[in-house]
Amino acid sequence: MSTVKSRREQYSEATRAALLVAATRRFGEHGFSGTALEDIAADIQATRGAIYHHFANKTALFEAVFERLETEAMELSASAAARAADPWAAAFAALDAFLDRCCDPVYGRLVWQEAPIALGWVRWQAAEAQFAYGLVEQLIKALVDGGDFDEQPLETTTRLVFGMLGTAGMALAEASDVDKPQLKAEYTSVIGRMASGLRRPA
């Protein structure tokens, strides 16, 4: 069976990708409620019908944008962790990559400010858990297995760290561009000191 895509399939995929790029920019500039589907379509010289071919409504389009942003963020964090020399360094490499991403104005606004409105609080919390919780759990388990942390209840520890990271992400999204570097440094320092309290004595 041939795996070569037809021109129509290639065009459809290209249109969907262009819609996501245009929607990301529009949602980032105007928010969910301030963005009209007609404007997104016009940005790529398409019709509103082209949007409905790929997405059921504006919420579905926003969710696709959100999932794309979160997938990229988790891939960056996981990649940073994979390059580290040991579990301790991996955890803080992932943390640095995550906080860097939260400093990005578009990511910060869409993931931490607009998504709870566009998706609803329950769906947004579930989506956050879907994307980030597993990586946090994996990093904490590696710290315990590697002897960096004392034995800890994995689920409880993961939930606490997950909540702490959410607080940091929200704070960075709300901060001005001028304040973000200092705020990122503060969260990195405080999280590091808290994590050090769980370290196994040498």
Side-chain angles (χ1 to χ4, degrees), residues 1-82 94 97-136 138 162 165-177 180 184:
M1 182 181 293
S2 175
T3 58
V4 177
K5 294 179 180 177
S6 68
R7 288 187 179 180
R8 185 170 185 173
E9 289 173 323
Q10 292 175 1
Y11 177 78
S12 178
E13 290 182 0
T15 300
R16 187 180 190 279
L19 284 170
L20 288 175
V21 171
T24 300
R25 187 181 69 254
R26 284 280 178 177
F27 288 136
E29 292 176 355
H30 306 289
F32 177 75
S33 62
T35 297
L37 291 180
E38 292 85 352
D39 293 332
I40 295 172
D43 285 345
I44 65 165
Q45 297 181 325
T47 64
R48 183 167 173 160
I51 296 180
Y52 287 123
H53 176 74
H54 294 281
F55 307 100
N57 49 42
K58 186 166 74 167
T59 299
L61 175 56
F62 181 92
E63 187 165 9
V65 168
F66 170 85
E67 289 178 353
R68 182 171 174 242
L69 290 172
E70 282 292 65
T71 297
E72 291 173 353
M74 291 308 104
E75 287 176 349
L76 287 171
S77 293
S79 177
F98 168 73
L99 295 180
D100 260 351
R101 196 70 176 130
C102 292
C103 289
D104 176 77
V106 173
Y107 177 89
R109 179 174 187 180
L110 295 188
V111 170
W112 297 108
Q113 297 178 311
E114 296 295 328
I117 299 169
L119 304 180
W121 184 257
V122 173
R123 171 64 188 129
W124 173 68
Q125 285 189 312
E128 279 300 295
Q130 172 191 342
F131 285 101
Y133 189 90
L135 179 59
V136 174
Q138 174 187 328
F162 181 72
L165 294 175
T167 299
M170 188 71 74
L172 287 168
E174 294 172 349
S176 68
D177 289 342
K180 283 179 181 178
K184 180 196 169 190

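Positions are given from 1, in the same order as the sequence printed here.
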Do you know the tightest heavy-atom contact between Tyr107 and Arg101?
CD2-O, 3.2 Å
What verdict does the side chain to side chain contact (heavy atoms under 4.5 Å, CB included) test give for Leu20 and Phe55, after you've listed the backbone C-alpha separation in whole Å, the side-chain angles of each residue and the deciding distance to 0.1 Å?
CA-CA 10 Å; Leu20 288 175; Phe55 307 100; 4.0 Å; yes
Looking only at heavy atoms, what is the nearest atom pair of Lys180 and Asp104, with distance?
NZ-C, 4.5 Å
Minimum heavy-atom separation for Ile51 to Leu37, with atom names?
CD1-O, 3.2 Å
Does any part of the side chain of Thr59, heavy atoms only, come nearer than 4.5 Å to the side chain of Phe32, both counted from C-beta?
yes
Mind checking the CE-CG spacing from Met170 to Leu165? Nearest 0.5 Å is all I need.
13.0 Å
Is the shortest heavy-atom distance from the side chain of Phe66 to the side chain of Glu128 under 4.5 Å?
yes
Between Arg123 and Glu67, does at least one N-O distance fall below 4.0 Å, as a salt bridge requires?
yes
Go through Thr15 and His53 one step at a time and tell me if the side chain to side chain contact (heavy atoms under 4.5 Å, CB included) criterion holds.
CA-CA 10 Å; Thr15 300; His53 176 74; over 6 Å; no
Take Leu135 and Ser77, measure what side chain to side chain contact (heavy atoms under 4.5 Å, CB included) needs, and give me the verdict at the end.
CA-CA 9 Å; Leu135 179 59; Ser77 293; 3.7 Å; yes
CD1/Ile44 to CG/Leu19 distance, rounded to the nearest 0.5 angstrom?
3.5 Å
Only pairs at least two apart or in different chains count here, so list each salt bridge (Lys or Arg N to Asp or Glu O under 4.0 Å) that has a residue in residues 112-121.
Arg109-Glu114
Residues at least two apart in sequence or cross-chain that pass side-chain contact (heavy atoms from CB on, under 4.5 Å) with Lys184, listed by chain then number, are Asp96, Leu99, Asp100, Cys103, Leu172, Thr188
What one should report as the nearest heavy-atom pair of Ala173 and Trp112 is CB-CB, 3.8 Å
Hey, what do you get for CD (Glu13) to CZ (Arg16), rounding to the nearest 0.5 Å?
9.5 Å
Taking all non-hydrogen atoms of both residues into account, name the closest pair between Phe62 and Ala118 and its distance.
CD2-CB, 3.6 Å
Roughly how far apart are Asp43 CG and Arg25 CZ, rounded to 0.5 Å?
4.5 Å
Ring pair (Phe, Tyr, Trp, His ring centres under 6.0 Å) against Phe98, all qualifying residues, sequence neighbours excluded:
none
Looking at side-chain heavy atoms only, is the closest gap between Val21 and Arg68 below 4.5 Å?
yes
Minimum heavy-atom separation for Trp124 to Val111, with atom names?
NE1-O, 2.9 Å
